A.B. asks: 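Take a look at this one; I'll ask things after.
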Amino acid sequence: MLKHEILSHLTSTKVVAVIRGSSAEEAIELSKAALKGGIPAIELTYTTPNVQKVFEALAEEDVLLGAGSVLDPETARHAILAGAKFIVSPHFNEEIAPICNRYGIPYLPGCMTIREMVKALENGSDIIKLFPANNFEPSFIKSVNGPLPHVRIMPTGGINLNNIQEWIGAGAVAVGIGSDLNKAYKAGGFEAAVELSKQYMEKSGQKEQKL
C-alpha cells in the first residue's frame, strides 16, 4: 500500500482505535472488538507487552494497522517491519521522520504548538496528532488552519461520544479513541467494546467501513 493510499484510508475512516492492552491477549481482543464494530484503522501502542504478538495475530485481518507510543527510530523500524502502515508518537522526533520517509510510511507526531507543527511539516509529516486533545477546544483547529491552512489534524486524548462530532465538524481529518474502549471492555467484555465501536462509527458519520 502506497503512502497516499494509507493517508486516504486514515482520513476517510475518521476513527482510529488506539489499543493499549495490559497484555497482548487483551490487545488482540480489543482490536477484534473494534474491527467487529466497524472501525477499520487500529493503532497498536508499544506500551502493550509483547505487542509483536498482536501484530502477528491481526496480520490476516482486513485492517489498517499502525503503531503508537513510538519514541525512537529503532521502535519505528521494528513496527514497520512488523506490518505497521503508519507510525504515531506522543511527540515529534526528528530521528523517526527519516525512517518513516525511507519506507514510505506516514508519521503522525504529537504536537501542541504552531512551532512543533511547522517542524513536523518540514520533516514530511502529512497529519499532525493533536495530543493531548483534552487540553484544547475543537475551535483550535480553525485557529491553526488560519496561518497554516494545509495542516491536517487528528486529535487524540479526551475524544468521546459527546464531542467526536464537534471535533470532526471543526475540521479534524480523523480522531483517535482508546480509553473508552478499554473501559467498556473491562466493564462489559468483548461485546460491550463492539457496541461502543459501532456507536463511534455512527457518530463519525461513517457507520461501518471496509478497506
Side-chain angles (χ1 to χ4, degrees), residues 1-20 41-48 51-52 55 63-159 167-168 170-178 211:
M1 187 180 292
L2 298 176
K3 185 178 181 180
H4 76 274
E5 294 174 312
I6 298 169
L7 291 168
S8 178
H9 281 310
L10 279 172
T11 56
S12 64
T13 295
K14 294 299 181 189
V15 180
V16 177
V18 182
I19 303 299
R20 197 181 303 277
I42 302 287
E43 176 189 324
L44 300 176
T45 65
Y46 264 73
T47 56
T48 299
V51 70
Q52 174 79 27
F55 278 102
V63 58
L64 183 66
L65 275 184
S69 300
V70 176
L71 303 180
D72 49 57
E74 293 81 9
T75 303
R77 185 172 185 274
H78 180 275
I80 292 168
L81 294 178
K85 299 303 181 185
F86 59 97
I87 300 295
V88 185
S89 297
H91 69 306
F92 172 71
N93 183 312
E94 59 187 12
E95 294 180 339
I96 292 176
I99 296 290
C100 294
N101 291 334
R102 182 179 305 150
Y103 289 98
I105 297 294
Y107 176 38
L108 287 64
C111 300
M112 287 194 291
T113 68
I114 293 291
R115 181 184 181 88
E116 291 173 335
M117 291 179 186
V118 169
K119 190 172 183 179
L121 290 172
E122 291 173 347
N123 283 271
S125 293
D126 295 281
I127 296 176
I128 303 298
K129 171 185 172 181
L130 179 63
F131 178 79
N134 52 4
N135 285 346
F136 299 88
E137 295 293 330
S139 59
F140 180 72
I141 294 178
K142 184 177 180 180
S143 298
V144 171
N145 286 156
L148 300 174
H150 53 293
V151 171
R152 295 187 286 178
I153 293 176
M154 183 180 84
T156 304
I159 307 302
W167 277 107
I168 291 174
V173 296
V175 298
I177 60 105
L211 292 182

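Keep in mind that this is a model prediction, so the values were computed, not measured.
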A.B. asks: What residues form a side-chain hydrogen bond (donor to acceptor under 3.5 Å, both in side chains) with N93, not counting sequence neighbours?
C.D. replies: none
A.B. asks: Restricting to non-hydrogen atoms, name the atom on A133 and the atom on I159 that form the minimum distance, rounded to 0.1 Å.
C.D. replies: CB-CD1, 4.3 Å
A.B. asks: Given side chains that start at C-beta, do those of D126 and H4 come closer than 4.5 Å, heavy atoms only?
C.D. replies: no
A.B. asks: What residues form a side-chain hydrogen bond (donor to acceptor under 3.5 Å, both in side chains) with N145, not counting sequence neighbours?
C.D. replies: none
A.B. asks: Does anything in residues 143-158 pair up under salt bridge (Lys or Arg N to Asp or Glu O under 4.0 Å), and if so which pairs, sequence neighbours excluded?
C.D. replies: none
A.B. asks: Suppose the criterion is side chain to side chain donor-acceptor pair (under 3.5 Å): which pairs have a residue in residues 64-75, not counting sequence neighbours?
C.D. replies: R20-S69, D72-T75
A.B. asks: Search all heavy atoms of L130 against all heavy atoms of M112 and return the closest pair with its distance.
C.D. replies: CD1-CA, 4.4 Å
A.B. asks: When rounded to the nearest 0.5 angstrom, what distance separates CG in L65 from CG in L44?
C.D. replies: 5.5 Å
A.B. asks: Identify, with sequence neighbours excluded, every residue that meets side-chain contact (heavy atoms from CB on, under 4.5 Å) alongside S139.
C.D. replies: E137
A.B. asks: Show the nearest heavy-atom pair for residues N134 and G158, with the distance to one decimal.
C.D. replies: CB-CA, 3.9 Å
A.B. asks: What residues, two or more places apart in sequence or in another chain, satisfy ring-ring contact (aromatic ring centres under 6.0 Å, His included) together with F140?
C.D. replies: F136
A.B. asks: Can you pull the ring pair (Phe, Tyr, Trp, His ring centres under 6.0 Å) pairs that have at least one residue in residues 109-131, sequence neighbours excluded?
C.D. replies: none
A.B. asks: For the residue pair V88 and V70, establish whether any side-chain heavy-atom pair is separated by less than 4.5 Å.
C.D. replies: no
A.B. asks: Quick one: side-chain hydrogen bond (donor to acceptor under 3.5 Å, both in side chains) partners of S89, sequence neighbours excluded?
C.D. replies: Y107
A.B. asks: For residues 101-117, which residue pairs qualify under salt bridge (Lys or Arg N to Asp or Glu O under 4.0 Å), counting only residues two or more places apart or in two chains?
C.D. replies: none
A.B. asks: Are any of the side-chain heavy atoms of P90 and L71 separated by less than 4.5 Å?
C.D. replies: yes
A.B. asks: Taking all heavy atoms of I128 and all of C111, pick out the closest pair and write down the distance.
C.D. replies: CG2-CB, 3.6 Å
A.B. asks: Using side-chain hydrogen bond (donor to acceptor under 3.5 Å, both in side chains) as the criterion, list what pairs up with T48, not counting sequence neighbours.
C.D. replies: T45
A.B. asks: Sequence neighbours left out, what passes side-chain contact (heavy atoms from CB on, under 4.5 Å) with P106? Give chain and number order.
C.D. replies: K3, I6, L7, F86, L108
A.B. asks: Checking side chain to side chain contact (heavy atoms under 4.5 Å, CB included) for the pair T156/V16: CA distance, chi angles, key distance, verdict?
C.D. replies: CA-CA 9 Å; T156 304; V16 177; over 6 Å; no
A.B. asks: State the CD1-CD1 distance between I105 and I87, to the nearest 0.5 angstrom.
C.D. replies: 7.0 Å
A.B. asks: Does atom CD (E5) have a neighbourhood of more than 12 heavy atoms from anything else shown, all under 6.0 Å?
C.D. replies: yes
A.B. asks: Let me confirm one number: the CD1-CG distance from I96 to N101, rounded to the nearest 0.5 Å.
C.D. replies: 11.5 Å
A.B. asks: Cut-off 3.5 Å, no hydrogens considered: what does the side-chain donor-acceptor table look like for residues 76-83, sequence neighbours left out?
C.D. replies:
unit_1, atom_1, unit_2, atom_2, d
R77, NE, Y103, OH, 3.3
H78, ND1, Y46, OH, 2.7
H78, NE2, Q52, OE1, 3.2

A.B. asks: Output the distance between atom CG (L64) and atom NZ (K85), rounded to the nearest 0.5 Å.
C.D. replies: 8.5 Å
A.B. asks: So, for A172 and P155, which heavy atoms are closest and what is the spacing to 0.1 Å?
C.D. replies: CB-CD, 3.5 Å
A.B. asks: Identify the heavy atoms of P73 and I99 that sit nearest to each other, and give their distance.
C.D. replies: CB-CG1, 3.8 Å
